[in-house]
Amino acid sequence: MLFSQENVFDHLIKGVDFSGSIFVKQDEKEFKLSSGYANRVEERLNKVNTRFGIASGCKLFTAIGITQLVEKKQLSFKTKLSDCLNISFPHFDPNITIRQLLTHTSGIPDYFDEDIMADYEDLWKQTPMYLLRSLQDFLPLFQNGKMIASPGEAFHYNNAGYIILGLIIEQQTGMTFQHYIEENVFKPAHMNDSGYFSLDRLPQNTALGYIDEDDGSWRTNTYAIPVVGGSDGGAYVTAPDMVKLWGALIDFQLLNESLTKELLTTHVDVKEDVGYGYGVWINSRNRQVLKYHVMGYDPGVSFHSAYYPESGYKIAIPSNHGDGAFDVMKGFEKCFID
């Protein structure tokens with residue numbers, strides 16, 4: 001069993017120079033491990049309950065928030081963007097639906113297109129990251145762009161689509177996106193240590209993200225990512241809190257059973273045995289779901305978390321370094337899933 005083989009994880013993190021935490025749960029059994037520094041200057045160690053940024057790993061929170069509004073019948077997945085958000089997008093197709101925004105098939109332009117831009121930090125040369133404190137602040141980055149595909153035509157991973165979903169939540173609820181998620185996702189899931197924190201006001205027990213330079217020096221990611229996270233990414237969570245999120249979701253504490261299953265259904269095939277639901281990646285093997293997972297990468301951030309339905313394992317691996325989480329995840333799967 002996993003919980004008698006802690007040396008496996010010791011070997012994994014040493015092999016990748018891992019900085020972060022690992023939390024695994026199966027039924028009532030738990031395994032936890034942490035490594036590296038939350039603050040390198042002060043040599044403050046990461047702990048299992050340290051808060052980490054998770055970048056795009058929190059698109060699932062946005063999808064849950066939207067689906068809650070569907071459950072309340074304020075929206076449907078077929079609702080058109082033009083019918084639920086009073087913001088002008090001059091060149092967007094009026095037939096874009098919420099489902100297409102959730103599944104990255106809307107065809108809208110992105111503010112950070114990984115097929116075009118190699119360096120995320122290039123974004124801030126024209127728009128300083130410290131000015132991005134609300135979802136509205138992102139609009140000038142893509143609002144007047146032209147469609148890159150017809151709605152529903154193809155999967156194209158899209159951060160701007162999730163910014164729009166957050167704006168829909170704000171308009172429909174009268175709350176800021178961050179406050180809505182904290183009240184309606186984090187609280188019912190008992191994610192008591194998680195939240196959307198400003199980089200210049202990080203709370204106690206939060207890891208700084210670190211970027212290693214080619215010359216051996218390093219810097220924090222303070223000037224490399226938006227100052228406050230939003231609906232496309234940037235929340236801070238602890239590894240145990242993320243495992244609680246999976247538990248609350250699959251136990252229907254956040255959504256009813258029907259809508260939970262719809263959120264966790266593959267709505268678009270991305271590649272062989274890999275699909276996308278609403279805010280969640282879905283990997284299959286022999287036509288059976290192998291895992292539901294989320295991941296996030298920013299400068300100074302890497303994150304992977306998954307639920308494996310057959311075995312019941314839930315795992316969260318946040319890191320305050322740009323790599324490492326993926327290697328730990330693959331090592332875990334090789335030992336305990338494959």
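Each residue takes its place number in the sequence, starting with 1.
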How long is the straight-line distance from [atom2] of [Y] back to [atom1] of [X], given to the nearest 0.5 Å?
{"X": "Ser302", "Y": "Ile317", "atom1": "OG", "atom2": "CD1", "answer": "9.0 Å"}
{"X": "Met242", "Y": "Ser21", "atom1": "CE", "atom2": "OG", "answer": "12.5 Å"}
{"X": "Leu165", "Y": "Ile66", "atom1": "CG", "atom2": "CD1", "answer": "5.0 Å"}
{"X": "Leu245", "Y": "Leu254", "atom1": "CG", "atom2": "CG", "answer": "6.5 Å"}
{"X": "Leu208", "Y": "Asn46", "atom1": "CG", "atom2": "CG", "answer": "10.0 Å"}
{"X": "Asn158", "Y": "Phe142", "atom1": "CG", "atom2": "CZ", "answer": "8.0 Å"}

Check whether any side-chain heavy atom of [X] sits under 4.5 Å from a side-chain heavy atom of [Y], and report yes or no.
{"X": "Ser231", "Y": "Ile163", "value": "yes"}
{"X": "Phe197", "Y": "Val227", "value": "no"}
{"X": "Ile54", "Y": "Tyr236", "value": "no"}
{"X": "Asn144", "Y": "Phe89", "value": "no"}
{"X": "Val228", "Y": "Leu132", "value": "no"}
{"X": "Phe177", "Y": "Leu167", "value": "no"}
{"X": "Tyr278", "Y": "Arg99", "value": "yes"}
{"X": "His104", "Y": "His156", "value": "no"}

Is a side-chain donor or acceptor of [X] paired with a backbone partner of [Y] at a separation under 3.5 angstrom?
{"X": "Asp298", "Y": "Val301", "value": "no"}
{"X": "Glu182", "Y": "Tyr196", "value": "yes"}
{"X": "Asn184", "Y": "Tyr180", "value": "yes"}
{"X": "His267", "Y": "Glu262", "value": "yes"}
{"X": "Asn205", "Y": "Asn49", "value": "yes"}
{"X": "Gln100", "Y": "Thr97", "value": "yes"}
{"X": "Asp137", "Y": "Ser134", "value": "yes"}
{"X": "Asp193", "Y": "Thr238", "value": "no"}
{"X": "Ser35", "Y": "Ser19", "value": "no"}
{"X": "Thr265", "Y": "Lys261", "value": "yes"}

Going by distance alone, is a donor N or O of one side chain under 3.5 Å from an acceptor N or O of the other, for [X] and [Y]?
{"X": "Lys80", "Y": "Asn95", "answer": "yes"}
{"X": "His321", "Y": "Tyr37", "answer": "no"}
{"X": "Ser194", "Y": "Asp241", "answer": "yes"}
{"X": "Asn256", "Y": "Ser258", "answer": "no"}

Aromatic centroids of [Y] and [X] separated by under 6.0 Å:
{"X": "Phe155", "Y": "Tyr276", "answer": "yes"}
{"X": "Phe186", "Y": "Phe61", "answer": "yes"}
{"X": "Tyr292", "Y": "Tyr308", "answer": "no"}

Before giving the answer on ring pair (Phe, Tyr, Trp, His ring centres under 6.0 Å), spell out for Phe52 and Phe303 the whole-Å C-alpha distance, their side-chain angles and the decisive distance to 0.1 Å. CA-CA 9 Å; Phe52 294 87; Phe303 172 73; 9.2 Å; no

Taking all atoms of both residues into account, what is the closest heavy-atom pair of Ala239 and Pro318, and its distance?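 Heavy-atom minimum between the residues: CB-CD, 3.8 Å.
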
Smallest separation among heavy atoms of Met191 and Val237, with atom names: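 Taking Met191 first and Val237 second, the nearest heavy atoms are CE-CG1, 4.2 Å.
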
Let me check something: do Phe252 and Val289 share a hydrophobic cluster, defined by ILVMFWY side-chain heavy atoms less than 4.5 Å apart, either directly or through other members?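 No, Phe252 does not connect to Val289 through the hydrophobic network.
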
Apply side chain to side chain contact (heavy atoms under 4.5 Å, CB included) to Lys32 and Val24, showing your working. CA-CA 6 Å; Lys32 49 192 174 183; Val24 184; over 6 Å; no

Take Val16 and Val328 through the side chain to side chain contact (heavy atoms under 4.5 Å, CB included) test and state the conclusion after the steps. CA-CA 8 Å; Val16 299; Val328 173; 4.2 Å; yes

Salt-bridged, [X] to [Y], with N to O below 4.0 Å?
{"X": "Arg285", "Y": "Asp338", "result": "yes"}
{"X": "Lys244", "Y": "Asp251", "result": "no"}
{"X": "Lys146", "Y": "Asp93", "result": "no"}

Take a 6.0 Å sphere around [atom1] of [X] and say whether it holds more than 12 heavy atoms from other residues, nucleotides or ligands.
{"X": "Glu272", "atom1": "CD", "answer": "no"}
{"X": "Asn286", "atom1": "CG", "answer": "no"}
{"X": "Glu183", "atom1": "CD", "answer": "yes"}

Quick one: do Asp83 and Lys78 satisfy salt bridge (Lys or Arg N to Asp or Glu O under 4.0 Å)? Show the steps, please. CA-CA 10 Å; Asp83 293 331; Lys78 295 180 180 179; over 6 Å; no

Please lay out, stage by stage, how Lys59 and Tyr157 fare under the test side chain to side chain donor-acceptor pair (under 3.5 Å). CA-CA 11 Å; Lys59 284 186 171 66; Tyr157 191 81; 3.0 Å; yes

Does Arg219 make a cation-pi contact with Tyr210 (under 6.0 Å, within 45 degrees of the axis)?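 No, a cation-pi geometry is absent between Arg219 and Tyr210.
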
Does the plane of the ring in Phe336 sit parallel, tilted or perpendicular to the ring in Phe332? Use 30° and 60° as the thresholds.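 Tilted.
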
